Structure formats: C-alpha cells, structure tokens
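First the structure, in the form of structure tokens, and then the observations on it.
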Amino acid sequence: MELIIEEITYGHKLLGRHKFSSNNITIGRGYDNDLIISDPHVCADHLQLHFDGEYWFVNDQGSVNGSFLEHSKENIIHHKIQSGDIVTIGKSQVRFVFPSHPVTPSIAISPFESLINLAKHPAVLALSVTLFACIACWIIDLNNAKEVSLTQMLVPTIGLTLGFALWPGCIALVSHLTKHDARFWTQIGISFIFFNLMWLSDIFENIIQFNTSSNFSMIWLITIIPLVLAYGLFWLNCYVGFHMTTRRRNVVAAGLVILLFGGSFIVQMSKKPNFNPRPQFNTTIMSPTFLFTPSNDVKSFVSDSTILFEKATEMAEKDKKDK
C-alpha cells in the first residue's frame, strides 16, 4: 500500500511531499534512509514504518530525542498510523497521509487573478515605474526652494524609485523563503500602481488644502484615502505572495496599516513643541491654475477690503454708542 509522507513546519506549512510504494520505510538523518531529514536533533536511524498487509505501523528506533504524536508526550512504539497523523522528530515534523485522504475542493481562478497578472505585463510595469519616477521628479522639484536642473533631480529620483522598490522586493523574498511563489514582477507591478495612486492622492490633498481652510468639514475624507490605499496594497501583497485565509489576510493588512500610520502618529504626538529660532517653512508653491475658482484682480480686492473695513468701523461706532 502506498504512503505519502509530508515534511511540514510547526505551523503545518508544507515543506516537501514524498510518495513511497514499498512496505518498509526508514526516516532519519543517515544517508541510507528512504527519507533523509536534515535536522541535527534527528538520529541517523530515527523512525521505521512497516506495512503488515492491512495497516501501517511506525516505531521509534531508540532515538535520543524520541518520536511523539502531535499533542502527545508518549514515545511512539508500534503505533498504528491513521491518515493525517503528525509525528514530531527532533525539531521537525512529518505527516503521514494515505492516497485516499480527502482534499479540499479546487478553487476556480477568478477574473480578479487575471487583473493581478496584468500588473506584471512588461508594458504596464514599465508605464507604472515611469509614471512613478515622473511624479517623484515633479514633487522633488516642487519641494525644492531653489531652482534645480533636470540632471540634479535625476539622482534623487532614481534613489527614491529604487527605495520604494525595496518593499515589493522584500515581500517577494519572504514569500520565497516561506516556500511560496515569490511572483516578484507581480509584486513590483501591483506596488507601483498603488504607489502612483498614493502620489495622486497626496497631490489631490494638497490641492484641496490650497483651496480650503483648515476647518474644512470634509477633511476626514482626504485623511482616509491614504489609509484605504495602504490597506489595499498590503491586502494584495498578501494575496499574491502567501496562501492565507481571507480573515487572516484582512487582519495582516489592517495590522500593517495600524503599525505604519499609528506609529507615525504616536511619534508626532510624542514630540514636544520646542521653540525654533529658524523655523522650517513649506516651500511648496502652487500656481493660481490649481484654484477651483479664479482669484480677484487687485482693484476688486482693494474695493472689497475697503467695504469690509467700512462695515467694521460702523459696527465699532455703533457698539460705542450703545455703551
């Protein structure tokens, strides 16, 4: 009878799967075993499995650290294997599965997956990175008080682009190290699409603040847009790089958003307002073209100001008479 042996982590993540058709199987660190476990806490001859024609049995071979069923402290001696049994040997775990073991139903590939794969298309990827670099270059120019040439902006733009590329690169690396599909270019494409959306939301926020006062009633809407975009980015990073349940993906994405924005908020609140003899001013200059409504000319402004001051003077004189 065939037997499948899976190497798994303590979190039950699959590391390797092996199928055997012989009636005797040995597991250990020695090179003469059928399944070699590279764990220094596993003995050279650790486990022996035998099929008696009806059932599979497993025996510990007098190992130093023993062999234990999951959630059990008794050493395995002539244990009849049930499909799905997990045995701990050293600091490793193996799971025994029969060929008839049921599997979960297949998951259909949704159209959403096709949209995600579109992000790694060379044309879309090049467009996203180029757009990011152009917006970054423009913002660097806006935030610079002095006039700079294109070549002077080139180095910080490239550095900023490579710096932002570290995030999807790290996600792909962690995914690869945890035995998942890295999907590096997909991570890059998705991340830069959301980075561009965050740039645009930042520009939109500056335009809104340029046209409104600080007590604008819809200021919460401007604040929540970056939170939603960050949540969407982290959610998609988890969706592409890791096999997670929907609930766990939501928790991880929400946790990263809280860690990112909540941490920065706490840092800002913890700073004590000290007097600065050389205050830093916002050097971002926006032209009148960003105004929602056109500004008044000088004559109209002077005329309106004169009327306003006359009304204020009349009200002040009226208050004096009433007193």
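Note that the structure is predicted; figures quoted are calculated from it, not measured.
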Q.
I need the S191 OG to L236 CG distance, nearest 0.5 Å.
A.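 Output value for this atom pair is 9.0 Å.
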Considering all heavy atoms of both residues, which atom of [X] and which atom of [Y] are nearest to each other, and what is their separation?
{"X": "E7", "Y": "L35", "answer": "OE2-CD1, 4.0 Å"}
{"X": "C238", "Y": "R249", "answer": "CB-CG, 3.5 Å"}
{"X": "A182", "Y": "Q187", "answer": "O-CG, 3.9 Å"}
{"X": "T178", "Y": "K13", "answer": "O-CD, 3.4 Å"}
{"X": "S128", "Y": "I193", "answer": "OG-CG1, 3.5 Å"}
{"X": "A126", "Y": "T130", "answer": "O-OG1, 2.7 Å"}

Handout entry: Inter- and intrachain pairs under side chain to side chain donor-acceptor pair (under 3.5 Å), touching residues 91-100, at least two apart
Key =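 Qualifying pairs, neighbours excluded: E6-R95, D39-S92, T88-Q93.
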Taking only residues at least two apart or on different chains, which pairs with a member in residues 153-165 satisfy side chain to side chain donor-acceptor pair (under 3.5 Å)?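 Qualifying pairs: none.
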Residues in side-chain contact (heavy atoms from CB on, under 4.5 Å) with [X], at least two apart?
{"X": "N24", "value": "H50"}
{"X": "F68", "value": "N75"}
{"X": "L160", "value": "A136, F164, W199"}
{"X": "L131", "value": "I135, N196"}

| task | Sort and list the pairs that fulfil salt bridge (charged side-chain N to carboxylate O under 4.0 Å, His left out) and have at least one residue in residues 180-200, not counting sequence neighbours. | result |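 Sorted pair list: E113-R183.
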- Among L229, V252, V257, N250, which one satisfies side chain to side chain contact (heavy atoms under 4.5 Å, CB included) with F234?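 Among L229, V252, V257, N250, the one that satisfies the side chain to side chain contact (heavy atoms under 4.5 Å, CB included) with F234 is V257.
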As a test of understanding, state which of D85, V87, N59 forms a side chain to side chain contact (heavy atoms under 4.5 Å, CB included) with H79.
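Looking at D85, V87, N59, the match for H79 under the side chain to side chain contact (heavy atoms under 4.5 Å, CB included) is D85.
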Which residues satisfy the ring-ring contact (aromatic ring centres under 6.0 Å, His included) test with [X], sequence neighbours excluded?
{"X": "H78", "value": "F57"}
{"X": "Y239", "value": "F112, W235"}
{"X": "H180", "value": "F242, H243"}

Does the [X] side chain pair with the main chain of [Y], one donor and one acceptor, at a distance under 3.5 Å?
{"X": "D52", "Y": "E54", "answer": "yes"}
{"X": "S67", "Y": "I89", "answer": "no"}
{"X": "S83", "Y": "F98", "answer": "yes"}
{"X": "D34", "Y": "T26", "answer": "yes"}
{"X": "S175", "Y": "I171", "answer": "no"}
{"X": "N33", "Y": "A44", "answer": "yes"}

Exercise for the section: Return the set of residues passing side chain to side chain donor-acceptor pair (under 3.5 Å) with W56 (not counting sequence neighbours), or none when no residue passes. Expected result: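 Here no residue qualifies.
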Student check: side-chain heavy atoms of D32 and D45 closer than 4.5 Å: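 Side-chain contact under 4.5 Å: yes.
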With side chains defined as the heavy atoms from C-beta onward, is the minimum distance between I36 and R29 less than 4.5 Å?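 No, every pair of side-chain atoms sits at 4.5 Å or beyond.
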Residues, nucleotides or ligands: over 12 heavy atoms within 6.0 Å of H12 NE2 =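 Enclosed.
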List the residues meeting salt bridge (Lys or Arg N to Asp or Glu O under 4.0 Å) with E70, not counting sequence neighbours, and say none if there are none.
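For E70, no residue satisfies salt bridge (Lys or Arg N to Asp or Glu O under 4.0 Å) once neighbours in sequence are set aside.
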- Query: Honestly curious: do I4 and I86 fall in one hydrophobic cluster under the side-chain, below-4.5 Å linking rule?
  - Reply: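 Different clusters.
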